[in-house]
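Values in this document were obtained by computation on a predicted structure and should not be read as measured data. Naming convention: chains lettered A, B, ... in sequence-line order (proteins, then strands); numbering from 1 in each chain.
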Protein chains: 2
Amino acid sequence: MKPVVTIEPNWQLCSDCAVRASAVCSSLDAAELREFGHLGRRVHFSSGQTVFSEEDITTSFYNLLEGVMRLYKLLPDGRRQIVGFALPGDFLRMNISGRHNFSADAIGAVTVCQFAKSPFGRFIEDRPHLLRRINELAIRELSQARDHMVLLGRRSADEKVAAFLLGWRERLVSLKRALDTIPLPMNRQDIADYLGLTIETVSRTLTKLERPGVIEIIHGGISLLDPAKVEALAAA
Amino acid sequence: MKPVVTIEPNWQLCSDCAVRASAVCSSLDAAELREFGHLGRRVHFSSGQTVFSEEDITTSFYNLLEGVMRLYKLLPDGRRQIVGFALPGDFLRMNISGRHNFSADAIGAVTVCQFAKSPFGRFIEDRPHLLRRINELAIRELSQARDHMVLLGRRSADEKVAAFLLGWRERLVSLKRALDTIPLPMNRQDIADYLGLTIETVSRTLTKLERPGVIEIIHGGISLLDPAKVEALAAA
DNA sequence: CGTGGGATTGAGGCTGCTCAAATTTGGTGG
DNA sequence: CCACCAAATTTGAGCAGCCTCAATCCCACG
């Protein structure tokens, strides 16, 4: 059930870490980075595994290195809202009470850099530049969260899907990848739970976009044949 | 249009500030507090005034001292999503690009403690305890934001209204006030835009709760006659 | 080549929206 | 104190968008 592979402490790996530039650690100098590296260990998860759960008292911070995760909350009756998708470089922290307030699953294979709570807390405690960096990331997340509230509360199904495609492409692009087609590692149900829709509505909406040739649905992704049209549909 | 009254720097007022214990400044000692007080000035806004706008490049941080504000985003066609209500002690910051990513209006009379960006930034720069405090507040906001996403994306109108009443009461209670009835300073449209509903649906839902005596609608507020029933409806 | 899970398509229904009117509330001035 | 007006709220009727339930399709995989 949990074939988790833990690799040795990765202090020697930090310097050429794939997310070095974008992650929390971007604010560290070489010496600090070495010390910091001792605190984290790389852990792998395979597709569908749960990295942590909402209700757990967790003892770790996570830095996503490779792969995609869905971050979600469940209602008692099973309804699910995906509050975000995590990409490499994203930092997942717990709140004051020592819990994440959401759960996280791997979508496809995932590698994280895991930090134990106490040593991590001690390390950042007196490093204002790191604290500022963490702050910066939190602010950005807050901003995204508020944008998503607008989407969930005030946009139609068509607008939601169009905005999702554009936003997801945007994130992948800023992750340096040149894209001809947009990969969609998450399944339709994930997209539906992210947009506050049902799987059928998502499917229908995509089909509706494909019919006039605005997008093309490919296995594992889509491509924007008419990006301008999609942007118009997203209605800013 | 902007009869804003600015009071002199309030360093002598900080020590007995109403939000001293809950706001950012709770992490400061006496000496720091005096210095900090020099940076802020108290500003008053009257009902309905806009404190800052989404698109403005703003130059200030705000600490809400008295009153209630609605924080919202607008779509180009005028649809509005209220992303939160600010209460005394809440801290409103801009993001890296120097903008708030939402607008803020006063609901009733409001007093804020306003800080200019640069001196504020310099003050917190090397104060890890303050940075940690700010972080803490950001994390809490993020947590609330995610809860609200669940509400917006996955709850029915009845559940939304019930959850709103409980959540609002909770916040007021934790602000020390004993409550017989729950004051609702915001109007129905505000509630609707907060919950992702129309004003008619909010009104109908409240009526539906009042008819069997679950709540009572009073001038400027409501009272929970049967809190257990409301909690059941919220389906937490 | 068969199997099964994900995705798509279809038909019909319900929740919440739209448009419109009635009612209540709050403010203002006589 | 009361009449009157504007604004907010409530109520009603009808409709539409999205959901529900169900069947079918499409691949990937054994």
Side-chain angles (χ1 to χ4, degrees), chain A residues 46-48 70 75 77-82 105 107-108 151-165 182-212 215-222 233 235, chain B residues 46-48 70 75 77-82 105 107-109 151-165 183-212 215-222 233 235:
Chain A
S46 54
S47 189
R70 58 174 161 258
L75 289 176
D77 62 4
R79 281 175 287 177
R80 184 178 71 160
Q81 175 65 46
I82 291 187
D105 293 345
I107 296 178
L151 180 144
L152 290 170
R154 285 296 178 231
R155 299 177 107 121
S156 69
D158 290 358
E159 292 170 338
K160 284 177 175 184
V161 171
F164 165 69
L165 293 176
I182 308 173
L184 294 178
M186 69 291 285
N187 61 30
R188 295 289 187 270
Q189 186 64 61
D190 289 338
I191 298 176
D193 288 346
Y194 181 60
L195 299 177
L197 299 171
T198 59
I199 186 173
E200 294 93 334
T201 299
V202 170
S203 183
R204 273 186 254 274
T205 305
L206 287 174
T207 304
K208 195 163 66 177
L209 286 174
E210 190 178 34
R211 223 172 23 239
I215 66 170
E216 189 183 7
I217 302 174
I218 319 193
H219 165 64
I222 65 119
L233 280 171
Chain B
S46 54
S47 188
R70 57 174 162 258
L75 290 176
D77 62 3
R79 281 174 289 177
R80 183 178 72 159
Q81 176 66 46
I82 291 187
D105 292 347
I107 296 179
L151 179 142
L152 290 171
R154 284 295 179 232
R155 298 177 106 123
S156 70
D158 291 358
E159 291 171 339
K160 284 177 175 182
V161 171
F164 164 70
L165 293 177
L184 295 178
M186 69 291 285
N187 61 30
R188 296 288 188 271
Q189 186 64 62
D190 290 339
I191 298 176
D193 287 347
Y194 181 60
L195 299 178
L197 298 171
T198 60
I199 187 173
E200 294 95 333
T201 300
V202 170
S203 182
R204 273 187 253 274
T205 305
L206 287 174
T207 304
K208 195 164 67 177
L209 286 174
E210 190 177 33
R211 223 172 23 239
I215 66 170
E216 190 183 5
I217 302 174
I218 320 195
H219 162 66
I222 64 122
L233 280 172

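A:Ile217 has its CD1 atom 9 Å from the C1' atom of C:dA7, to the nearest Å. Atom CZ in A:Arg80 sits roughly 15 Å away from atom P in D:dC19 (whole-Å rounding). Rounded to whole Å, atom P of C:dC17 lies 11 Å from atom CG of B:Asp193. Here D:dC19 presents its P atom at 10 Å from CG of A:Leu195, a figure rounded to the nearest Å. Spacing between atom CD1 of B:Ile107 and atom C1' of D:dA8 amounts to 15 Å, rounded to whole angstrom units. The separation between A:Leu151 atom CG and D:dC18 atom P is 12 Å, rounded to whole Å. Rounded to whole Å, the distance from CD1 on B:Ile199 to C1' on C:dG16 is 15 Å. Rounded to a whole Å, the CD1 atom of A:Ile222 is 17 Å from the C1' atom of C:dT8.
Which of C:dT8, D:dT9, C:dG26 sits closest to the side chain of B:Ser203 comes down to D:dT9. Nearest nucleotide to the side chain of A:Ser156, out of D:dA28, D:dC18, D:dT10: D:dC18. You'll find that the side chain of B:Thr198 is closest to C:dC17, out of C:dT9, C:dC17, C:dG16. Of the candidate nucleotides D:dT11, D:dC19, C:dT8, D:dC19 has the atom lying nearest to any side-chain atom of A:Leu197. Counting only heavy atoms from C-beta on, B:Arg204 has its side chain closest to C:dT18 among C:dT25, C:dA7, C:dT18. Listed candidates were D:dG12, D:dC21, D:dT9. Nearest to the side chain of B:Asn187 is D:dT9.
A:Gln81 places a side-chain N or O within donor-acceptor distance of the main-chain N or O of A:Tyr194, the cut-off being under 3.5 Å. Under a 3.5 Å cut-off, the side chain of B:Arg155 and the backbone N or O of B:Leu195 do not form any donor-acceptor pair. B:Arg154 contributes no side-chain N or O that, together with a main-chain N or O of A:Arg79, makes up a donor-acceptor pair within less than 3.5 Å.
For C:dT8, the OP1/OP2 oxygens have a side-chain nitrogen or oxygen of A:Arg188 closer than 4.0 Å. Between C:dG26 and B:His219, a contact under 4.0 Å exists linking OP1 or OP2 to a side-chain N or O.
Nucleic acid contact class of A:Gly196 (heavy atoms, under 4.0 Å, all strands): sugar-phosphate only.
Between B:Glu200 and A:Thr201, the one whose closest nucleotide on DNA chain D sits nearer the 5' end is B:Glu200.
A salt bridge links B:Lys208 with B:Asp158: the closest approach of a Lys/Arg side-chain nitrogen to an acidic carboxylate oxygen falls below 4.0 angstrom.
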Pair A:Val161, A:Thr201 - check side-chain contact (heavy atoms from CB on, under 4.5 Å), show working. CA-CA 10 Å; A:Val161 171; A:Thr201 299; over 6 Å; no
